[in-house]
Amino acid sequence: MTFFIAYLNDTEYASQPKASSLLPLIGPVSTGIIYCSGPFITPVITRYPYHKRTSMYVGTILCWTSLFAASYTTQVKLHHWFHHKRGFANGVVFAGTAVGGILLPLILPPLISSYGPPKTLRILSIAIALLIVPLLPLIKGRLPESRIRTMGPTPRGRGNAEWTKSILFWILVLANTFQGFGYFVPIVWLPTFASDLNLNSSTSSIALALLNCGSVIGRLATGYLSDKINPWFLGLSILASTSAATFILWGVLSYDLAGLLSFSLAYGILASGWTSTWNGFTKPLSGKYICNDPNLSTTLFGVLLFSRGIGNIFSTPISSALTSLDSNSTTSSFTHASNHLGFDVGGGKFEKMIVYVGMCFAGAALIALVGWIIDAAIRRRSFGRQEQQS
């Protein structure tokens, strides 16, 4: 997001046709492709586990190459190791992705000011390569590759597909998609929102860092809780709380710095914890169809990543269209009630976008509620059969 603001402030990029609509797409499209690649890459790695390490090196090279090449543009394994505390381990992995988000918003602005976006992007690409490459040989699975291959699905996808008949899993996928359509919007637009509050870039960076700090806390805490309590109840609580925080903390109270920082921290803690619940949902499925099958868990995660990636890609053009609609209107729907609302920032151009995000999480919460009810009914029937047999 730091680069997003830098590019918007650079006349070489901002002066190009439709730059304000196209520039926000860069980050979500790139991460969306990563998410959506899961269902295509996972079957290959599952069937040929000896290529797993090769894929890590290829991914590192692609990451460095893409960042380095982007600086020249001028036109717009977890399941093998953990079982009983797999949810917390999953939370640690996802929390790790947010740690960089704490540091980068504070490090990048001075670099961009000194060297400009292109050179800073090259520095970032080289730094990532230097940090990742030495660590790759240290990443090893607990199970030998021969054993993983034996436990994997039969060739060409025959056999282990019973999970596709689980209604609860597809309800989870639907809730996950709704969550993805809303989750990435505040992350993309938070710097622009801060700019319309007349906050400088350093303050905007603090808001982003605070959001990522909350993400670390939320993912760790949710991962721990996913090992302890029903995932449907946990997911429902997260989604409903995030919807409420979006409407209240962002829509109502984010008319000044204090409100924006409060929303950033709360959103990071609540919304980011959703991915840490995934293991709580998938663990019963992998244990039901093939006992503790790490490959099936990976396959289920791939489907969830794909559905989240769809939301990641399409949420930005949707939110861009919504801000354009509001920027063309003269007043916000909430202006008559008060001039001190987050809805009124930027002349009310963020109003529909905030409502959109809140409704995405509310819709996901309703879907999770349906899943919780069905899950409870299935558990009651299973408990009743066990009592009859005993």
Side-chain angles (χ1 to χ4, degrees), residues 35 38 78-79 81-95 97-98 162-183 215-245 268-308 311 360-383:
Y35 281 125
L78 177 67
H79 304 295
W81 280 101
F82 299 93
H83 176 59
H84 295 296
K85 295 184 179 180
R86 187 181 296 171
F88 179 69
N90 183 56
V92 171
V93 170
F94 280 113
T97 63
E162 288 296 315
W163 60 271
T164 60
K165 302 176 184 178
S166 171
I167 185 174
L168 285 177
F169 180 72
W170 294 114
I171 291 176
L172 169 63
V173 170
L174 186 59
N176 188 62
T177 305
F178 267 74
Q179 197 269 357
F181 268 90
Y183 172 72
S215 298
V216 174
I217 298 171
R219 288 168 180 173
L220 290 174
T222 306
Y224 174 80
L225 291 174
S226 69
D227 290 320
K228 305 293 182 182
I229 62 178
N230 185 288
W232 289 103
F233 173 75
L234 180 61
L236 171 61
S237 302
I238 290 173
L239 296 169
S241 299
T242 306
S243 178
I269 293 174
L270 295 172
S272 299
W274 168 254
T275 51
S276 296
T277 66
W278 287 359
N279 180 75
F281 292 109
T282 61
K283 186 177 177 180
L285 287 172
S286 60
K288 177 180 179 181
Y289 297 117
I290 295 183
C291 185
N292 301 325
D293 177 16
N295 292 326
L296 178 55
S297 296
T298 303
T299 300
L300 299 177
F301 263 64
V303 176
L304 292 174
L305 287 169
F306 180 79
S307 70
R308 185 175 172 85
C360 282
F361 281 101
L366 288 174
I367 296 169
L369 176 61
V370 173
W372 187 28
I373 294 172
I374 295 176
D375 179 63
I378 293 174
R379 290 174 183 269
R380 282 196 299 269
R381 286 198 300 267
S382 177
F383 181 73

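This is a predicted model, so every value here is computed, not measured. Residues take their numbers from the sequence shown, with the count starting at 1. Side-chain atoms are counted along with the backbone in the values below, which use heavy atoms only and exclude waters and symmetry mates.
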Measuring from atom OG1 of Thr242 to atom CG of Leu270, what distance do you get when rounded to the nearest 0.5 angstrom? 4.5 Å
Given Arg308 and Trp274, is the side-chain contact (heavy atoms from CB on, under 4.5 Å) satisfied, shown in steps? CA-CA 11 Å; Arg308 185 175 172 85; Trp274 168 254; 4.0 Å; yes
Between OH on residue Tyr183 and CG on residue Leu239, distance to nearest 0.5 Å: 12.5 Å
At what distance, to the nearest 0.5 angstrom, does CG of Leu234 lie from CD1 of Ile229? 4.5 Å
Centre-to-centre under 6.0 Å for Phe233 and Trp372, is that the case here? yes
With side-chain contact (heavy atoms from CB on, under 4.5 Å) as the test, would you mind laying out the steps for Thr222 and Arg219 before giving the verdict? CA-CA 5 Å; Thr222 306; Arg219 288 168 180 173; 6.0 Å; no
Heavy atoms of Phe361 and Gly182 approach each other most closely as CE1-C, 3.9 Å
If I take atom CD1 from residue Ile217 and atom CD1 from residue Ile269, how far apart are they, to the nearest 0.5 angstrom? 5.0 Å
Inter-residue atom distance Trp170.CH2 - Thr164.OG1, 0.5 Å rounding: 7.0 Å
For Ser307 and Asn176, test the side chains for any donor-to-acceptor distance below 3.5 angstrom and give the result as yes or no. yes
Closest approach of Ala175 to Ala368 (non-hydrogen atoms, all atoms of both residues): CB-N, 4.5 Å
Which residue in the set Val173, Thr177, Ile171 passes side-chain contact (heavy atoms from CB on, under 4.5 Å) when paired with Ile367? Ile171
Do the side chains of Val303 and Phe169 get nearer than 4.5 Å, heavy atoms only? yes
Ile167 atom CD1, neighbour heavy-atom count above 12 within 6.0 Å: no
Contact check, side chains of Asn230 and Arg379, non-hydrogen atoms, under 4.5 Å: yes
Mind checking whether Thr275 and Leu304 have side chains closer than 4.5 Å, heavy atoms only? no
Check whether the side chains of Ser276 and Tyr224 place a donor and an acceptor atom closer than 3.5 Å, and report yes or no. no
Run the side-chain contact (heavy atoms from CB on, under 4.5 Å) check on Leu366 and Val370 step by step: do they pass? CA-CA 6 Å; Leu366 288 174; Val370 173; 5.9 Å; no
Hey, could you give me the CZ/CG distance between Arg380 and Asp375, rounded to the nearest 0.5 Å? 10.0 Å
Residues Ala271 and Gln179: closest non-hydrogen pair is O-NE2, 3.4 Å
Scanning both residues in full, the closest heavy-atom pair of Ser241 with Ser237 reads OG-O, 2.7 Å
Could you give me the CA-CA distance, side-chain angles and deciding distance for Trp232 and Leu168, then say whether side-chain contact (heavy atoms from CB on, under 4.5 Å) is met? CA-CA 10 Å; Trp232 289 103; Leu168 285 177; 3.9 Å; yes
